[in-house]
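One structure is given below, encoded as structure tokens.
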Amino acid sequence: MQFFKNTGGRKIVMAVTGILMVLFIFAHLTGNISVFAEPGSINAYAAKLHSLSLFVWAYRFIIFSALSLHVFFGIQITLENYAAKPEAYEVRRNLRSTFASRTMIWTGLAIAAYLIFHLLHFTFHAVFPVKHIDSSGRPDVFRMLVLSFQSFFISSVYIAAIAAVALHLAHGIQSSFQTLGINNERTFPVITKSGMLAAIIIFLGYIAIPVFVLAGVLRFL
Amino acid sequence: MNLTLFIWRQKRPDEKGRLERHEAKDISPEMSFLEMLDAVNEELVKNGNETIVFDHDCREGICGSCSQVINGVPHGHREKTTVCQLHMRHFKDGDIIYIEPLRAKAFPVIKDLIVDRGALDRIIQSGGYISVHTGGVPDANAILIPKEDADTAMDAAECIGCGACVAACPNGSAMLFTASKITHLAMLPQGRIESARRVCMMTESMMNEGFGSCGNHYECQAACPKGIKVQFIAKLNREFLKAVFKTYTPF
Ligand code: HEM
Ligand code: FES
């Protein structure tokens with residue numbers, strides 16, 4: 001029998017890749033925090049990351065592979081699920097499912113669209129480019145962030161995307177534990193609440209930068 | 001009391017069905033939902049019309065035949081209640097009630113409210129059995145089983161195979177049904193022999209019958225007339241993980 005064709009096999013891949021990306025999101029968040037330290041520190045952090053090029057490329061490779069598998073199986077499973085329920089009820093009442101659980105494919109696709117934008121924006125500087133060098137000769141990440149997020153439009157895009165991530169994870173984290181069988185009646189409420197809490201922390205942590213820039217707290221002195 | 005019913009009518013599997021309006025008059029609150037439909041059918045017979053076709057058998061909540069989706073919930077809005085055990089006192093005079101068949105690709109409509117649930121039987125056939133000794137009758141308590149394990153197995157064995165979980169699932173998945181059968185057998189020593197093979201065969205069979213994958217929405221547990229818990233699905237997933245390396249190749 002073929003693992004990648006089984007319903008359980010593919011869900012395990014979704015869950016493992018999902019959790020990997022959650023770990024990545026938390027790592028990314030701790031990196032972002034340096035923006036709140038003195039202005040040069042995020043530049044130093046970015047420069048340090050880029051000096052570890054082997055590490056960075058290995059990291060990118062793992063995340064990109066996880067994401068590709070996750071997106072591929074996410075779309076495939078969703079299409080199969082639609083096919084398994086061809087006729088809708090005239091009247092339908094949901095009892096236990098949540099807005100987040102029913103919109104996984106849409107928040108997922110929104111994240112995919114956002115990731116493309118995010119990479120074009122801050123990694124490749126292909127859209128809304130703001131490229132500066134700071135006084136130590138490093139790429140000035142701090143200036144790039146502040147100048148970008150001073151645009152209400154760009155900030156809105158980022159905040160909306162982070163909301164999509166938070167919704168995806170409000171269901172996804174809890175779901176991945178169930179998929180991996182790490183769940184029983186005792187741990188179930190704890191896992192569900194912790195998943196929600198993690199989603200909220202991610203949401204607040206990530207919107208902090210655009211919100212603080214818009215509010216004028218993060219700015220050039 | 002008097003009720004307005006919108007009932008799914010469909011003559012044949014390949015015909016397009018539609019909701020049809022019926023009035024249920026002078027319904028006693030003591031009646032069960034099925035008895036209310038019986039009364040509507042008697043009126044239809046009196047007037048020379050074709051009766052509404054629905055599944056039922058035991059009428060005491062143990063056979064799982066009587067599944068209907070009532071106002072958007074399989075078996076209606078009462079928790080842990082089959083349609084035959086749903087009483088009209090839980091409705092009000094003048095209520096509008098929508099009655100539809102269980103919907104899933106794997107459950108084709110045969111007529112009106114009856115669907116073919118043979119797919120569930122075929123999932124059982126693919127792995128829902130155990131090996132037994134031939135020869136003399138063994139002593140009743142020759143195999144010791146911890147009380148908790150026996151209880152869990154019995155809880156899982158409560159599943160009456162009605163298909164409400166499939167009907168409630170946004171993905172048309174039969175995961176709660178399959179998980180309850182797998183847990184029931186895997187919890188007991190007699191069921192361990194085939195456990196790896198069973199979980200693989202039954203999940204494969206579920207997919208091949210056209211059921212979707214579990215999205216962990218947990219609508220199934222909320223709709224289950226026997227209160228089967230989604231923790232059994234986690235158990236199925238653990239059984240699957242244990243079996244993966246024994247049974248599966250990647251591609
Ligand atoms: C980029 C585009 C993405 C798409 C199209 C996508 C799509 C999906 C879909 C459709 C599901 C539900 C699968 C099911 O119900 O069977 C899902 C589950 C999940 N996703 Fe995503 N997703 C994306 C990105 C992400 C990201 C960035 C993360 C993590 C940060 C993530 C974490 C998860 C988790 C943890 C699950 C739960 C897995 C499970 O049910 O066991 N997803 N995703
Ligand atoms: S008719 Fe048997 S459970 Fe309702």
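Atoms considered below: every heavy atom in the structure, side chains included; atoms not considered: hydrogens, waters and symmetry mates. Residue numbers begin at 1 in each chain, while the letters A, B, ... track the order of the sequences. Just so it is clear, the model here is predicted, and its values are computed rather than measured.
With contacts defined as side-chain heavy-atom distances shorter than 4.5 Å, the pair Phe177(B)/Ile124(B) qualifies. Using a 4.5 Å cut-off on side-chain heavy atoms (C-beta onward), Leu120(A) and Phe128(A) make no contact. Side-chain contact between Glu185(A) and Phe188(A) is absent, with no heavy-atom pair separated by less than 4.5 Å. Contact annotation: the side chain of Met207(B) approaches that of Arg10(A) to within less than 4.5 Å [non-hydrogen atoms, C-beta and beyond]. Cys162(B) has its side chain out of reach of Thr82(B): every pair of non-hydrogen atoms, C-beta onward, lies at least 4.5 Å apart.
With a threshold of 4.5 angstrom between heavy atoms, Cys214(B) approaches chain A through N, CA, C or O but not through any side-chain atom. Contact of Glu209(B) with chain A is not made at all, since no heavy-atom distance falls under 4.5 Å. Within the 4.5 angstrom heavy-atom criterion, atoms from both the backbone and the side chain of Arg102(A) approach chain B. Contacts between Phe240(B) and chain A at a heavy-atom distance below 4.5 Å involve the side chain alone, from C-beta outward. Lys235(B) does not touch chain A: none of its heavy atoms, backbone or side chain, sits under 4.5 Å away. For chain B, no part of Ala100(A) is nearby; none of its heavy atoms comes within less than 4.5 Å. Only the backbone of Val166(B) comes within contact range of chain A, with at least one heavy atom under 4.5 Å from a heavy atom of that chain. For a residue to count as touching a neighbouring chain, one of its non-hydrogen atoms must lie under 4.5 Å from one of that chain's; by this rule Ile233(B) touches chain A with backbone and side chain alike. Interface residue Glu100(B): only side-chain heavy atoms are found under 4.5 Å from chain A. With a 4.5 angstrom heavy-atom cutoff, Met175(B) does not touch chain A via any of its atoms.
Judged purely by distance below 3.5 Å, without hydrogens or angles, the side chains of Thr187(A) and Asn184(A) pair a donor atom with an acceptor atom. Residues Ser195(B) and Arg198(B) have side chains that never bring a donor and an acceptor to within less than 3.5 angstrom of each other. For His168(A) and Thr107(A), the side-chain atoms include at least one donor-acceptor pair closer than 3.5 Å.
Note: Phe24(A) and His28(A) have perpendicular aromatic rings, judged against thresholds of 30 and 60 degrees for the angle between ring planes.
Listed options Ala222(B), Ser213(B), Gly215(B) were ranked by heavy-atom pairs under 4.5 angstrom with chain A; first place goes to Ser213(B). When Lys11(A), Glu90(A), Met14(A) are compared by the number of non-hydrogen pairs under 4.5 Å with chain B, Glu90(A) comes out ahead.
Between Leu236(B) atom CG and Leu241(B) atom CG the span is 10.0 Å, to the nearest 0.5 Å.
Contacts between residues 65-80 of chain A and chain B, counted as heavy-atom pairs separated by less than 4.5 Å, involve Ile77(A), Glu80(A).
The residue from Tyr206(A), Phe152(A), Phe122(A) that alone fulfils the ring-ring contact (aromatic ring centres under 6.0 Å, His included) condition with Tyr158(A) is Phe122(A).
Remark: Lys226(B) does not engage Glu158(B) in a salt bridge, criterion side-chain N to carboxylate O under 4.0 Å.
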